[in-house]
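Convention: sequence-line order gives letters A, B, ...; per-chain numbering from 1. Side chains included, hydrogens not; waters and symmetry mates left out as well; all remaining heavy atoms used.
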Amino acid sequence: MFAKFTTIIFDLGDVLFNWSPQTKTTISPMTFKRILSSPTWFEYECGKISQDSCYERIGNQFAIDPSEVANAIAQAQDSLQSNNELVSAIQQLKAESNGGLRIYAMSNVSRPDYQVLHTKFTGWSIFDQVFTSGAVGERKPGLAFYRHVINATGINPQNTIFVDDTSENVLSARSVGFHGIIFDDTRQVIRALRNLVGDPVKRGKEFLEMNSKNLKSTSDSDDAMDDNFMQLLILDATNNR
Amino acid sequence: MDEMIKYINSDGIVQAWHHLTSTYFDRNRPRIDPVVCVNVLTLFYRYGRGTQLSQTFQWVYQILYYRAYLDGTRYYCYPESFLYFLNRLIASSDSPELHRYLKPLLLERVLERIGASGDAMALAMRILVCKSMGIRNEVDARSLLALQCEDGGWELCWMFQHPSTKTKVGNRGLNTALAINAINAVKE
């Protein structure tokens, strides 16, 4: 249960980047999401078809002008914003590990879309490597994509944390031995990562030392209060002060 | 200790002081609380005077036997406090009634709490009692690990409650110290 985690793999969309399906085109957010989860789009993500033929086929399937599809995609890309809170937490974890932590990205994204994404963010250096479905030719939750990443990096899945907002992607990750975290709330995920990567006892002791002589008791009606019983219990538990 | 014995009520049970007003033994406000009884017993057993409080001891045993602590006690918010302080009582002396009579029942009672919901303090206390009983409680340790905060401490958990005002009191330092001990207990 005290596995030593040396690698974290992050999803990009809706984890490290937020974006909006709300566009000024005739394509509603709901239709937009259906497009992005259509078999045609999946083929495009895996580089099996070109951007042009993807837009054309999507146009046919959803009865939308292909240029409108292209517009919607472009507008969604303009709405991309990096999750800076998560980015700086990753930087911090990496710095604290003294080179003991490798960070990878693993994203379902076509080659053309990844090229655009690349221009939207300056912090790519946090990643040791970025794996995209477009380049690999496989997409999550397909196991082949995970196996490709494991082989290409030589990582041990049991020392690897995998963060993704889609539960089926996390399930696949867990099935190959990764420790999966479903991304819901940035702060919760950062906390979970710290608790997995850090040494709990060392961090706890640092907390006690940093706050020593100031470990006041708290009540739910007024903030701090002096009591000696809890101080004695702390003494009993730590044999210190 | 001689002063404390004066606070035994007609049932033979030592009565509580009022923590939150720091009037330790206040004869004007006689209260009984099982955890306070356990802590007084700990003191008496440590000095070889446990038999002076045999009725208090018997009451504490009955509470454990009938699980009367499951909704917390007058001053203590959750069941694990009672189990944790009982464990300290057992460690206070090698007296046979503690080790041959009380300890096997405490083992049973803490085993049945494993996996139950609880905050970081409750989990840490449970793990530490298990450890004393020779049980490695990984189930609760997993939950406890996930509750560590970003600053390295564990979040505030309420330990005492003021019975009349319902004010709750806790201490992050204590939660954290117990959590560290609990994790070390499972690591060993």
Task: chain A contact residues among residues 77-87 of chain B, heavy-atom distance under 4.5 Å - done: B:Y84, B:F85

Open item on the list: Strictly below 4.0 Å, N to O, side chains only: are B:E97 and B:R100 in salt-bridge contact?
Closed with: no

Task: Residue-level interface, residues 76-101 of chain A with chain B, non-hydrogen cut-off under 4.5 Å - done: none

Task: Centroid separation A:F127 to A:Y104 less than 6.0 Å - done: no

Open item on the list: Using a 4.5 angstrom heavy-atom cutoff, name the option from B:R88, B:E150, B:Q148 with the most pairs to chain A.
Closed with: B:Q148

TODO: Pick one of side chain, backbone, both or neither for B:A146, based on which atoms fall under 4.5 Å of a heavy atom in chain A.
DONE: backbone

- [ ] Step through the shown structure and confirm whether more than 12 heavy atoms of other residues, nucleotides or ligands are within 6.0 Å of NZ on B:K187.
- [x] yes

TODO: Say whether, by atom type as modelled, one donor and one acceptor occur between the side chain of B:T73 and the main chain of B:Y69 under 3.5 angstrom.
DONE: no

Open item on the list: Report which part of A:K205 has an atom under 4.5 Å of a heavy atom belonging to chain B: side chain, backbone, both, or neither.
Closed with: both

Task: Under 4.5 Å from a heavy atom of chain A, the part of B:L128 involved - done: neither

TODO: Answer yes or no: are there more than 12 heavy-atom neighbours, outside B:E138 itself, under 6.0 Å from its atom CD?
DONE: yes

Task: Check: A:D113/A:S110 side-chain N/O donor and acceptor closer than 3.5 Å - done: yes

- [ ] Determine whether the side chains of B:Q55 and B:W59 contain a donor N or O and an acceptor N or O closer than 3.5 Å.
- [x] no

- [ ] Examine whether an atom of A:R191 lies under 4.5 Å from a heavy atom of chain B, and if so say whether it belongs to the side chain, the backbone or both; otherwise answer neither.
- [x] both

Open item on the list: Donor-acceptor pair, distance only, cut-off 3.5 Å: does the side chain of A:T7 make one with the backbone of A:I155?
Closed with: no

Open item on the list: By the salt bridge (Lys or Arg N to Asp or Glu O under 4.0 Å) test, which pairs, at least two apart or in different chains, include something from residues 177-186 of chain A?
Closed with: none

Task: A:F162-A:H179 aromatic ring centre distance below 6.0 Å - done: no

Open item on the list: Tell me whether A:K4 is salt-bridged to A:D199, with the criterion being a basic N under 4.0 Å from an acidic carboxylate O.
Closed with: no

Task: Atom group of B:L156 that falls short of 4.5 Å from chain A, counting heavy atoms - done: side chain

TODO: Please determine, among B:L178, B:L147, B:N175, B:V186, the option with the most heavy-atom pairs under 4.5 Å with chain A.
DONE: B:L147

Task: Contact class of B:D151 relative to chain A, heavy atoms under 4.5 angstrom - done: both

Open item on the list: Report, in residue-number order, which members of residues 129-141 of chain A are under 4.5 Å from chain B by heavy-atom distance.
Closed with: none

Task: Carboxylate-amine/guanidinium contact B:R126 B:D140, below 4.0 Å - done: yes

Open item on the list: Treating B:H99 as the side-chain partner and B:A91 as the backbone partner, does any N or O pair qualify as donor plus acceptor under 3.5 Å?
Closed with: no

Open item on the list: Between A:D14 (side chain only) and A:D165 (backbone N and O only), is there a donor and an acceptor less than 3.5 Å apart?
Closed with: no

